[in-house]
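This is a predicted model, so every value here is computed, not measured. Throughout, a chain's letter reflects where its sequence line sits, starting with A, and its residues are numbered from 1.
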Amino acid sequence: MSPLPLHRAVLDWYAEAQRDLPWRRPECSPWGVFVSEVMLQQTPVVRVLPVWQEWMHRWPTPAALAAEPSGEAVRAWGRLGYPRRALRLHAAATAMAERHGGDVPASVVDLQALPGVGVYTAAAVAAFAFGDRVAVVDTNVRRVHARAVSGVEHAAPALTRAESDLAAELLPEDPDVARVWNVAVMELGALVCTARGPRCDDCPVLTTCAWVAAGRPAYDGPPRRGQAWAGTDRQVRGRLLQVLRESDTPVPAARLEQVWDQEIQRERCLDGLVSDGLVEPLADGTYRLPGG
DNA sequence: CAGGCGTGGGT
DNA sequence: TACCCAAGCCT
């Protein structure tokens with residue numbers, strides 16, 4: 001699409017307001033972009049930053065990570081959450097070493113074939129690491145489009161065809177402009193057009209925003225999915241894995257029993273971690289992060 | 001496809 | 001204080 005006032009306003013705003021993030025710098029490798037995108041799946045930037053720096057120093061290439069046991073990736077993941085991502089990142093690095101000459105693949109199709117890479121991450125890596133003119137649609141972009149264009153407070157629970165079509169329509173034709181547009185809309189959603197308490201006073205598209213024009217009507221769609229936590233298996237898994245992360249030596253079962261007193265649930269969670277490949281049971285009855 | 005999957009900071 | 005939710009993915 002040819003540039004609209006909407007584009008100009010967002011691009012000008014981004015030029016002035018963008019954060020200086022290491023994975024956005026021109027010297028950042030595709031591998032650096034790839035690692036950042038996986039870490040940023042459901043985890044805020046401020047918590048990703050130090051861990052990303054550590055990973056880049058320790059594993060500057062896919063081959064470097066692939067050469068280590070997957071458990072080291074899980075340990076170095078620290079408390080970013082959703083630790084299966086660490087396992088998938090290690091598996092992706094292995095695939096790159098074995099099938100892609102040690103490089104991050106450049107095409108959306110090859111990227112999405114990697115473990116832990118879905119529609120969003122494949123588009124993000126293709127666009128940010130390789131300059132592809134492809135629409136990058138994450139939760140920030142969906143929210144900005146929902147408000148500025150569709151006039152509703154929140155996007156649908158899941159990505160719809162209409163949203164993908166809209167994002168493709170809004171993507172500038174000039175590849176150089178499209179590249180900046182993708183990150184600029186994301187940044188607008190992250191800094192100004194936030195899920196709660198949007199800073200409309202600071203918004204570059206305030207005067208053309210459909211949601212503002214409609215009087216900022218409250219969300220009127222299907223109930224949005226919450227995430228239970230207290231007492232769930234996720235909490236138990238988190239506690240079990242924390243013990244293993246923090247131990248340099250295999251942990252006796254008795255020590256794992258201390259983190260949760262309900263045996264049925266605790267055993268179910270430990271078994272789940274083992275079948276997920278996040279925990280390795282040893283022959284002597286102890287447990288550790290996977291050593292292979 | 002609805003639900004499972006970590007963690008910690010903001011409102 | 002209790003939620004809410006953060007650059008999703010997988011089954």
For Q235(A), report the nucleic acid contact type (base, sugar-phosphate, nothing); a contact means any heavy atom under 4.0 Å. nothing

Looking only at N and O atoms, is any donor in the side chain of T43(A) or the base of dG6(B) less than 3.5 Å from an acceptor on the other one? yes

Between CZ of R268(A) and P of dG4(B) the distance, given in whole Å, is 11 Å

Give the rounded distance in Å between these two atoms: CH2 of W52(A) and P of dA6(C). 23 Å

Ignoring the backbone of N140(A), work out which of dA7(C), dC9(C), dC5(B) is nearest its side chain. dA7(C)

Can you check the L40(A) CG to dC5(C) C1' distance for me, whole Å? 15 Å

In whole angstrom, give me the gap between the C1' atoms of dT1(C) and dG8(B). 16 Å

Within the structure shown, what part of the strands sits under 4.0 Å from L273(A) by heavy-atom distance: base, sugar-phosphate, or nothing? nothing

Closer to the 5' end of DNA chain C via nearest nucleotide, is it V45(A) or V117(A)? V45(A)

If we ignore angles and hydrogens, is there a donor and acceptor under 3.5 Å between the side chains of T232(A) and R237(A)? no

Between E153(A) and R216(A), is the salt bridge (Lys or Arg N to Asp or Glu O under 4.0 Å) condition met? List the steps. CA-CA 7 Å; E153(A) 184 180 18; R216(A) 296 176 51 158; over 6 Å; no

Whole-Å P distance, dT11(C) and dG6(B): 14 Å

Identify whether any heavy atom of P83(A) sits under 4.0 Å from a base atom; if not, whether one sits that close to sugar-phosphate; answer base, sugar-phosphate or nothing. sugar-phosphate

Whole angstroms only, please: what is the CZ-P distance between R234(A) and dG3(B)? 13 Å

So what does V136(A) hit on the nucleic acid, given a heavy-atom distance under 4.0 Å: a base, only sugar-phosphate, or nothing? nothing

Send over the distance from L240(A) CG to dT7(B) P, rounded to a whole Å. 10 Å

Where each residue is assigned the nucleotide of DNA chain C containing its nearest heavy atom, which of P115(A) and R47(A) is assigned the position nearer the 5′ end? R47(A)

Here the distance between atom P of dG4(B) and atom OH of Y82(A), to the nearest Å, is 11 Å

dC9(C) to dG9(B) separation - P atoms, rounded to the nearest Å: 25 Å

If you look at every strand shown and take non-hydrogen atoms under 4.0 Å, does L80(A) touch a base, only sugar-phosphate, or nothing? base

Sugar-phosphate, base or nothing in reach of V141(A), heavy atoms under 4.0 Å: nothing

Quick one: label G116(A) by what it contacts on the DNA or RNA (base, sugar-phosphate, nothing), any heavy atom closer than 4.0 Å. sugar-phosphate

Using a cut-off of strictly less than 4.0 Å, decide whether R224(A) has a side-chain nitrogen or oxygen near OP1 or OP2 of dC5(C). yes

Could you tell me if H154(A) and R143(A) have a donor-acceptor pair between their side chains, going purely by distance under 3.5 Å? no

Result for 5'-nearest mapping on DNA chain B, choosing between V46(A) and R84(A), is R84(A)

Classify the side-chain pair E37(A)/Y120(A) by whether it contains a donor and acceptor separated by less than 3.5 Å. yes

Between dC1(B) and dC10(C), how far apart are the C1' atoms? Round to whole Å, please. 11 Å

Ranking dA7(C), dC9(C), dC4(C) by distance to the side chain of R196(A), first place goes to dC4(C)

How many whole angstroms separate atom CG of L89(A) from atom P of dC5(B)? 21 Å

Pair E246(A)-Q242(A), side-chain donor/acceptor within less than 3.5 Å: yes

Looking across every strand, which nucleic acid part, if any, lies under 4.0 Å from T121(A) by heavy atom: base, sugar-phosphate, or nothing? sugar-phosphate

Nearest-Å distance, CG (L21(A)) to P (dA6(C))? 17 Å

For dC5(B) versus dA6(C), give the span between their C1' atoms, rounded off to a whole number of Å. 14 Å

Once you apply a heavy-atom cut-off of 4.0 Å, does A195(A) come out as touching a base, just sugar-phosphate, or nothing? sugar-phosphate

Looking only at side-chain atoms of R79(A), point me to the closest of dT7(B), dA7(C), dC5(C). dT7(B)

Pair of N/O donor and acceptor under 3.5 Å linking dG6(B) base with R237(A) side chain: no

Classify the nucleic acid contact of W23(A) as base, sugar-phosphate or nothing, counting any heavy atom under 4.0 Å across all strands shown. base

Starting from the 5' end of DNA chain B, give me the residue, R199(A) or Q42(A), whose nearest nucleotide shows up first. Q42(A)

Between R245(A) and dT7(B), does any side-chain N or O lie under 4.0 Å from OP1 or OP2? yes

Would you say the side-chain atoms of W59(A) and E68(A) include a donor-acceptor pair closer than 3.5 Å? yes

Check every strand shown and say whether T139(A) touches a base, only sugar-phosphate, or nothing at a heavy-atom separation below 4.0 Å. sugar-phosphate

Atom CZ of R161(A) with >12 non-hydrogen neighbours under 6.0 angstrom: no

How would you label the contact of R88(A) with the nucleic acid (heavy atoms, under 4.0 Å): base, sugar-phosphate, or nothing? sugar-phosphate

Give one of base, sugar-phosphate or nothing for R19(A), where a contact means two heavy atoms less than 4.0 Å apart. base

